[in-house]
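Chain letters run A, B, ... following the sequence lines, proteins first, then strands; residues in each count from 1. Not measured: the values here are computed from a predicted model.
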Number of protein chains: 2
Amino acid sequence: MSSPAVHSGPGEHDHESRPLRADARRNRERVLEAASTVFAEEGIEASVAEIARRAGVGVGTLFRHFPTKHDLLLATLEVGFDEIVVAVDEALATDDSWAGLAHVLTVCAEIQARDRGFLDAVGPELFAEPSLQLRNAERMELLTRLVERARADGVVRDDLRAEDLPFLLSALGGATRTCGNTQQAAPTDLWRRYLGIILDGIRPSGATPLPVSAPTLEQLTARCRSASGS
Amino acid sequence: MSSPAVHSGPGEHDHESRPLRADARRNRERVLEAASTVFAEEGIEASVAEIARRAGVGVGTLFRHFPTKHDLLLATLEVGFDEIVVAVDEALATDDSWAGLAHVLTVCAEIQARDRGFLDAVGPELFAEPSLQLRNAERMELLTRLVERARADGVVRDDLRAEDLPFLLSALGGATRTCGNTQQAAPTDLWRRYLGIILDGIRPSGATPLPVSAPTLEQLTARCRSASGS
DNA sequence: ACCTGAACACCGTTCAAGT
DNA sequence: ACCTGAACACCGTTCAAGT
């Protein structure tokens with residue numbers, strides 16, 4: 001049972017420096033909070049100026065704590081990551097390996113559906129991110145346990161790999177984006193329909209041989225590293 | 001057998017004006033060509049300045065022919081749209097209704113995989129676009145014939161609707177984007193793996209009841225119109 | 001009628017000046 | 001140590017001036 005990591009202790013160490021001053025710590029918190037709500041509502045293209053204004057600080061302060069807009073975005077994703085880790089733990093604690101796998105994918109999709117920033121962020125960059133590299137490896141191992149168990153139980157097609165899950169989640173993200181539950185009106189849960197189709201697609205019953213084999217974790221991170229270094 | 005529409009006769013009528021002057025027509029063509037290659041390689045975030053430079057014209061000329069960057073992008077998508085129409089015609093001409101449907105989805109995915117602009121463009125905006133509204137309706141009717149036939153033949157799950165196809169294509173786009181065949185290195189066709197999973201997901205064999213019903217065409221366009229009008 | 005490029009309003013990011 | 005906001009380099013778009 002791996003518990004969600006604590007990302008900001010009271011001392012908040014960057015690289016390897018001392019704790020932040022009290023006011024700095026509060027400002028950092030405010031920026032992070034403002035960014036979370038703004039990114040969740042407006043997505044990646046929200047302006048840092050608006051976030052700074054909403055946080056009641058100058059833009060310089062924002063960039064002091066988060067050197068780049070992308071860093072700030074990554075920081076806002078942490079709570080979603082923790083939710084996913086919890087979901088995986090819950091899944092591994094269940095006997096029903098299919099229900100567990102479906103639960104993980106559902107939780108991921110729910111986060112994407114309610115947080116436009118998270119939706120925009122899913123993609124190769126998340127694997128390219130050096131700051132996430134280690135934790136990604138840990139998560140991948142958990143996912144591998146989940147998928148292996150489901151395969152052993154015969155509840156998923158036997159050519160399914162843990163490395164497929166990020167891509168399937170990305171696919172679901174594409175559908176969710178098009179479902180357009182971005183803002184106003186009745187926020188639809190149409191994405192559940194396409195999650196259902198994808199889930200049926202990884203079941204063993206109607207499985208047809210796939211034309212391409214799954215990527216290895218090395219290929220996954222290698223591809224992304226080269227993509228981010230262009 | 002509906003043949004792909006001709007989008008630019010020698011007379012090129014905008015709104016309802018006269019033919020373009022000879023030099024203007026050539027400039028328009030150059031811009032469109034430059035935009036096609038640049039968007040295909042770099043995606044939406046390519047700059048209009050670079051396109052204008054590559055076309056050998058001033059930015060003002062570019063905006064004279066295409067009032068907005070988005071209009072220019074839409075214009076570059078036309079050849080892909082025509083390809084899809086051809087694919088649907090081919091599919092309807094075949095006896096094998098499953099192969100036909102799979103062929104259409106494959107062609108769409110191939111376009112997305114080789115054209116980053118097309119990949120970035122798929123989404124609700126394509127249905128919101130007033131300029132595409134009519135032709136979208138026509139295409140939807142063709143897709144409906146395709147899906148109905150496949151349902152009647154029992155080769156797809158019987159809760160599949162034609163309106164699902166754009167969303168499934170969007171989903172595939174999400175996976176393709178994450179596959180990251182954007183630039184350098186061996187351009188992977190990993191997306192074919194996830195197309196395979198989605199195809200298995202719409203087969204009748206392992207089909208499980210879906211939690212949400214398909215959107216109607218009206219809902220589809222209505223949602224998008226409200227999204228674009230914000 | 002059409003083309004051009006300087007000008008404008010915006011964006012993310014930096015940095016000298018303040019406390 | 002930290003904060004601030006004017007300044008910078010970029011973007012999409014406009015428009016007065018040219019042919």
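Nucleotide D:dC8 holds its P atom 17 Å from the CZ atom of A:Phe63, rounded to whole Å. A:Ile44 has its CD1 atom 11 Å from the P atom of C:dG12, to the nearest Å. Atom pair B:Phe66:CZ and C:dC3:P shows a separation of 11 Å (rounding to whole Å applied). Here D:dT13 presents its C1' atom at 12 Å from CG of B:Asp71, a figure rounded to the nearest Å. A:Arg26 has its CZ atom 16 Å from the C1' atom of D:dA1, to the nearest Å. Rounded to a whole Å, the CD atom of B:Glu50 is 17 Å from the C1' atom of D:dA9. Taking atom CZ on A:Arg53 and atom P on D:dG5, their separation rounds to 13 Å, with Å as the unit. For the pair A:Glu42 CD and C:dG12 C1', the computed distance is 16 Å after rounding to whole Å.
For D:dC3, one of the phosphate oxygens OP1 or OP2 lies less than 4.0 angstrom from a side-chain nitrogen or oxygen of A:His65. OP1 or OP2 of D:dT13 sits under 4.0 Å from a side-chain N or O of B:Thr68. Residue B:Asn27 places at least one side-chain N or O under 4.0 Å from the OP1 or OP2 atom of C:dC3.
Within 4.0 Å of A:Ala46, counting heavy atoms only, lie sugar-phosphate atoms of the nucleic acid but no base atom. Heavy atoms of A:Ala52 sit nowhere under 4.0 angstrom from any nucleic acid atom.
Summarising the geometry of B:Ile44 relative to B:Asp120, their closest heavy-atom pair is N-OD2, 2.9 Å, with the distance given to 0.1 Å. When all heavy atoms of B:Val147 and B:Ala162 are compared, the closest pair comes out as CG2-CA, 3.8 Å.
In this structure, the nucleotide among C:dC2, D:dC3, D:dC11 sitting nearest to the side chain of A:Ala24 is D:dC3. If you check C:dT14, C:dA6, C:dC3 against the side chain of A:Val59, the one that comes closest is C:dT14. Comparing atom distances between the A:Ser47 side chain and each of C:dC11, D:dC2, D:dT13 picks out C:dC11 as nearest.
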| field | Audit row: B:Arg26, B:Asp23, salt bridge (Lys or Arg N to Asp or Glu O under 4.0 Å) steps and yes/no | value | CA-CA 5 Å; B:Arg26 239 200 24 189; B:Asp23 57 340; over 6 Å; no

| request: Report the C-alpha separation of A:Lys69 and A:Glu50 in whole Å, then their side-chain angles, then the decisive distance to 0.1 Å, and conclude whether the salt bridge (Lys or Arg N to Asp or Glu O under 4.0 Å) test is met. | output: CA-CA 12 Å; A:Lys69 183 184 181 179; A:Glu50 186 189 344; over 6 Å; no

| said: Could you walk me through whether A:Arg54 and A:Glu41 satisfy the salt bridge (Lys or Arg N to Asp or Glu O under 4.0 Å) test, starting with their C-alpha distance in whole Å, then the side-chain angles of each, then the deciding distance to 0.1 Å, before giving a yes or no? | reply: CA-CA 13 Å; A:Arg54 201 116 132 192; A:Glu41 288 169 4; 3.5 Å; yes

| field | DNA chain D base-pair string [pairs: Watson-Crick or G-U under 3.5 Å; |: paired with another strand] | value | ||.|||||...|||||.||

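Annotation: of the two residues near DNA chain D, B:Val48 and B:Arg21, the 5′-most nearest-nucleotide partner is B:Val48.
The cationic atom of B:Arg139 (NZ for Lys, CZ for Arg) lies less than 6.0 Å from the six-membered ring centre of B:Phe81 and within 45° of the ring axis.
Residues A:Glu110 and A:Arg114 are not paired through a salt bridge, judged by the lack of any N-O separation under 4.0 Å between the basic side chain and the carboxylate.
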